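Whatever order the structure lists ligands and atoms in, that order sets their numbers, starting from 1. Scope of the values below: all heavy atoms of this structure, side chains included, with no hydrogens, waters or symmetry mates. The shown structure was predicted, so the numbers you read here are calculated from the model rather than taken from an experiment.
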Amino acid sequence: MHISFAGRELDMARSQVMGILNVTPDSFSDGGQYNSVDMAVQRARQMVSDGAVFVDVGGESTRPGAAPVSEQEELDRVCPVVEAIARDVDAVISVDTSTPSVMREAARLGAGLINDVRALEREGAVSAAIETGLPVCLMHMQGAPDTMQANPEYRHVIRDVATYLMDRVRDCELAGLPAEKVLLDPGFGFGKTLEHNLQLLAALEQLKVLGYPLLVGMSRKTMLGDITGREVSERLPASLAAATIAALKGASVIRVHDVRETVDAVKVVEAMRAQG
Ligand SMILES: Cn1cnc2c(O)nc(N)nc21
């Protein structure tokens, strides 16, 4: 199955690596806008030379407890970076946003994928995404970043997440989003306990039967810290294990901080697959 991302056809039967490029103030030195755009382009270039196909540009931190960001602030952070990377770097630019105006602007500036952790639930998001013509990743989140980890509960986490994603896909398709432009994501760490995350990881193939390519992100997340007892900076081995499991289970896009290392891990899976 192939999807066109702003003109670049990618085989969703293989696992592609997406590099994380946070453009929130705490991600760069405080040397002002020029430095942060320039640094973002350099980082994107490095991730692409390390083998990333996608670069995920996000202006709003969605980690547990994160504070909301204004629409203008998000536009100011994201747009200059998308424009510069589209001009200077050969990558599919994923824009990590739930904000309709950011989707539109990023698409105009050269983005190739909309990555919405809120699955286009915001007012105007479905129509904005459809107007861009871009593929969209619909991710499951229970609650909101500032409250989602308080006490996540599910009747049956696999079924509940699958049902939510299928409901969102149906709404989006009824509104005019073509099915071949949809990717799905269980949203590891977004309103889930460790047990919920592990059940979702173990059952990843069951989500694939929904018929859409899967995007997953576990890189350096708390779930890996809970399992290993490691701090964020010491979670590369666990992140590689998680990425390898996801690749083995058929994830099409794997969203990570450590591109170079993950590309090699995924290459081992792909080499084994090539043997049939
Ligand atoms: C922005 N972001 C952070 N974690 C993510 C995940 O697991 N999936 C997607 N699609 N986006 C994420």
Flag the pair Lys267 and Glu270 as a salt bridge only when some basic side-chain nitrogen lies within less than 4.0 angstrom of an acidic carboxylate oxygen. no
Would you mind finding which of Val216, Asn115, Asn22 brings a heavy atom closest to atom 11 (N) of ligand 1? Asn115
With a 4.0 Å cut-off, would you call Arg255 and Asp185 a salt bridge? no
Atoms of ligand 1 less than 4.0 Å from Asp96 heavy atoms? 1 (C)
With only distance considered, is Asp56 within less than 3.5 Å of ligand 1 through an N or O on each side? no
Does Ile158 form a side-chain contact (heavy atoms from CB on, under 4.5 Å) with Gln206? I'd like the steps, not just the answer. CA-CA 8 Å; Ile158 314 295; Gln206 292 172 39; 3.6 Å; yes
Check whether more than 12 heavy atoms from other residues, nucleotides or ligands sit under 6.0 Å from atom CD of Glu123, and answer yes or no. no
Which residue owns the protein heavy atom closest to atom 9 (C) of ligand 1, what's the atom, and how far is it? Asp185 OD2, 3.1 Å
Starting from atom 7 (O) of ligand 1, what is the nearest protein heavy atom, named by residue and atom, and what distance separates them? Lys221 NZ, 2.8 Å
By number and element, which atoms of ligand 1 are closer than 4.0 Å to a non-hydrogen atom of Gly217? 7 (O)
By salt bridge (Lys or Arg N to Asp or Glu O under 4.0 Å), Arg122 pairs with (sequence neighbours left out) none
Enumerated ligand 1 atoms positioned under 4.0 Å from heavy atoms of Phe190: 3 (C), 4 (N), 5 (C)
Test of proximity, Phe188 against ligand 1: N or O pairs below 3.5 Å: no
Would you call the rings of His140 and Tyr154 parallel, tilted or perpendicular if under 30° counts as parallel and over 60° as perpendicular? tilted
Should Arg168 and Asp171 count as an ion pair when the cut-off is N to O under 4.0 Å? yes
Quick one: which ligand 1 atoms are inside 4.0 Å of a heavy atom on Leu215? 10 (N)
Just need the protein heavy atom nearest to atom 2 (N) of ligand 1, so name the residue and atom and give the distance. Arg255 CZ, 3.3 Å
